[in-house]
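Have a look at the structure below, then the notes.
Atoms within each ligand, like the ligands themselves, are counted from 1 in listed order. Side chains included, hydrogens not; waters and symmetry mates left out as well; all remaining heavy atoms used.
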Amino acid sequence: MFARLAFLLLPKDLFQGRPTERLLRVSGWTYLCGVVVSVVLFFIGHPQYDHRVHVISAAVFLLSYVSVRIGVIHYSWIKFGALWSLLEVIYITVHTGGINSPAMVWMSIIGVVAILFFNRVTTQISIVFLFSLYIFFYIAGQKGWIANEVSFAPESIAWAFTYKVSVMVMVLLGALATDWMYAHLLEEIDTHNKNLEETQQKILRAQSHKDEFIASIGHELRTPMNAILGFNGILRQELAANPADVQTVDLIKSSTQQLLQLVNNILDFSQLQANRVQLSHEKFLLSDLVNEVMAQYLPRAKQKSLRLVMDVKAVEGIWATGDKQRIKQILNNLTDNALKFTSQGQIDIRVLLLEGRVYFEVQDSGIGIPPEKQSQIFQRFEQANLETSRQYGGSGLGLAIADRLVKCMAGHIGVKSNGLRGATFWFSLPLPTERIANTKPSPSMHTHWSKEALRFLLVDDNAVNLMVAKLMLNKCFPHCQVTEVVSGQAALDALAQSPYDMVLMDVVMPDMDGPTVTQAIRHLQGVSYSNIPVMAITANTHPLDRERYLAAGMNDVIHKPLESDLMASKIAEVLTQQQEGATP
Ligand code: ADP
């Protein structure tokens, strides 16, 4: 009801525009009320003071109102109008009975006006001022400086009545104005919130388009780059006799690897940003993980005459469950940086168990990181300083990826460095761990399959690789039968001719690559082998590669260089899964 009344009584544009404009408009409108009250009081009359004061007030208020309405708005007008009202009220109070005067009622509402339209400091000042005025009128009355007598003449009673009613109406209108102002503010906040929500949705949509774009471009780029790397190896073997050609081939390889690393980083980062990274859970030996990292980085450490040392005594024989490839990726990024930023000395990779968490540490004796830069290097594209980035290269994504991966796994990551020499990067993960005396996983699974007369189809275009893989298969599965073929098409032909228990397939091959052959196998309708387990054999260890192979229909991945125990357990695992899936 209040809001409705306010709507009828108050001008519509009163609370529109910016806060300062509103304040000016409200003041202008208050002065208009002042004009009306002044005119009424002039005609009602009072014997104890000169009524012409109301004419002056009406003129001052009218001028203030007009100036606000025509847009000549200035705070000085408002302040002048307010000062004039105060002086007028003091003048009338002094002449109409001091502390007993009905005009004292105006004093009370000045504080309310300050609360409604001004800030807290102004309100406090005006309350102190009013209180002082009260004391002044009291003392002045007691001392006889001001006459305390109130006139009881009939026109004075009418005047007092008008005075009090006008005050009441002003207070009421003030309350209505505030009520309306809040309703209006709430409406505005609502509209703002809706606009913000719409903008947020648009940003999210744009973000997701960007992620999709990066993902599709990234995958498109990765496929040919992996092929270049694969063929590079073949080319290198063929040109082995000519050292100059080998050098060129190696240059192509290292440049492509760099490019692939960058694309992988961008893809990883965009997936992590979009929360699209899916973590796998596998059991792995912690020392194996570090061994694999060591094997990867030892040649580079040797090249730079650095000692790369691992310390896994504390986790010997301990199995952890988690996403081994992603943890390895974090450790790789840290080790890669340690090697990059160290020119002499030693790099230590340590793994410990601390308070139920697995704690990894990579300590180097390199250039160190100044303390003030240590938190910012975990943000994307951040490098400690431009000089180092120019000297050492890099995209500034490695640590950002490590940071987000660690957080995905509910872990913590950090760095310790005094900024002068050496840095120690660490991360801890809440991985379930167990100590198994016999370090072979599910030995019974492998033992079971090793007694079977399994038929393997081995697909690789490289004769040496075929030989190595066959030797290992024969060692792990003594009763097995291995058929070797050298191309994807030959594999499809072999599958059409005789039954196999598993295909072990190289990824990069000249005619059709491993994932394409697997897709062809999976899409063949009505053939008995479309369901056959296919194991990828590859040197590509990045988790994104694994995702691509699994998406093509491969069952699991064995990494080169082949390691017989790991190979046997993976094959046994996939065969068991296949058997369990086939048994209703
Ligand atoms: P980049 O690809 O530039 O190495 P990172 O995110 O891996 O990106 O690292 C970000 C920055 O952190 C680096 O540019 C470097 O300034 C600093 N940094 C990382 N690791 C080390 C380290 N072991 N020693 C000194 N500085 C390091």
Side-chain angles (χ1 to χ4, degrees), residues 214 218 225 254-273 277 290 293-294 296-298 300-301 303-311 326-351 359-409 411-428 541-544:
I214 291 177
M225 269 193 279
S254 69
S255 306
T256 315
Q257 271 172 337
Q258 258 181 26
L259 200 59
L260 187 62
Q261 178 64 26
L262 182 67
V263 174
N264 284 344
N265 277 349
I266 293 173
L267 255 179
D268 270 334
F269 190 77
S270 77
Q271 287 199 341
L272 281 160
Q273 281 284 87
V277 166
V290 183
V293 175
M294 290 287 290
Q296 195 169 332
Y297 287 98
L298 264 174
R300 219 172 109 194
Q303 227 175 30
K304 286 189 82 176
S305 310
L306 294 169
R307 283 185 306 280
L308 184 59
V309 183
M310 73 170 190
D311 178 359
R326 290 292 182 184
I327 300 170
K328 198 169 134 192
Q329 190 182 359
I330 305 168
L331 213 49
N332 278 348
N333 285 1
L334 300 185
T335 313
D336 198 278
N337 277 346
L339 279 166
K340 188 157 80 172
F341 295 106
T342 307
S343 54
Q344 57 178 359
Q346 178 162 326
I347 290 153
D348 290 281
I349 306 177
R350 267 177 228 111
V351 190
Y359 181 91
F360 299 84
E361 197 175 80
V362 179
Q363 183 176 13
D364 65 50
S365 54
I367 59 171
I369 304 160
E372 69 276 11
K373 300 279 181 191
Q374 287 174 13
S375 58
Q376 104 195 23
I377 52 170
F378 289 98
Q379 287 155 26
R380 65 175 158 170
F381 308 123
E382 283 291 347
Q383 293 171 322
N385 73 54
L386 279 178
E387 201 41 56
T388 28
S389 78
R390 250 180 244 126
Q391 190 180 343
Y392 298 95
S395 61
L397 276 176
L399 287 180
I401 291 171
D403 177 61
R404 280 161 179 75
L405 277 175
V406 166
K407 288 192 178 134
C408 260
M409 300 181 203
H412 301 293
I413 187 166
V415 60
K416 293 177 267 182
S417 172
N418 61 9
L420 299 174
R421 187 166 180 270
T424 305
F425 281 86
W426 61 267
F427 63 99
S428 68
T541 53
H542 197 279
L544 286 168

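For the pair Arg326 and Asp268, the salt-bridge criterion is met [side-chain N within less than 4.0 Å of a carboxylate O]. Ion pair Asp403/Lys407 flagged as a salt bridge, since at least one NZ, NE, NH1 or NH2 atom sits closer than 4.0 Å to an Asp/Glu carboxylate oxygen.
Taking a cut-off of under 4.0 Å to the non-hydrogen atoms of Ile367, the atoms of ligand 1 that pass are 25 (C). With ligand atoms numbered from 1 in the order given, ligand 1 contributes 25 (C) to contacts under 4.0 Å with heavy atoms of Gly368. Within ligand 1, counting atoms from 1 as listed, the ones closer than 4.0 Å to a heavy atom of Leu397 are 6 (O), 8 (O). Close contacts between ligand 1 and Ile377 involve ligand atoms 11 (C), 12 (O) [criterion: under 4.0 Å to a heavy atom]. Close approach to Leu399 involves these atoms of ligand 1, each under 4.0 Å from a residue heavy atom: 5 (P), 6 (O), 7 (O), 9 (O), 10 (C), 12 (O), 19 (C). For ligand 1 and Phe425, the ligand atoms under 4.0 Å from any heavy atom of the residue are 19 (C), 20 (N), 21 (C), 22 (C), 23 (N).
The local environment of CD in Gln344 is sparse, with at most 12 non-hydrogen atoms from other residues, nucleotides or ligands closer than 6.0 Å.
Here Thr256 pairs with Met225, Ile228, Leu229, Ile252 under the side-chain contact (heavy atoms from CB on, under 4.5 Å) rule; sequence neighbours left out.
Classified by interplanar angle (parallel below 30°, tilted 30° to 60°, perpendicular above 60°), the ring pair Phe427/Phe360 is parallel.
What you find for Lys416 and Tyr359 is that their closest heavy atoms are NZ-OH, 3.8 Å.
Remark: the backbone N or O of Val309 is not paired with any side-chain donor or acceptor of Gln346 at under 3.5 angstrom.
Residue nearest to atom 27 (C) of ligand 1, selected from Ile369, Asp403, Leu339, Asn333: Ile369 (by heavy-atom distance). Residue nearest to atom 4 (O) of ligand 1, selected from Lys340, Gln379, Gln363: Lys340 (by heavy-atom distance).
The shell of residues lying under 4.0 angstrom from ligand 1, judged by heavy atoms, excludes Gly366.
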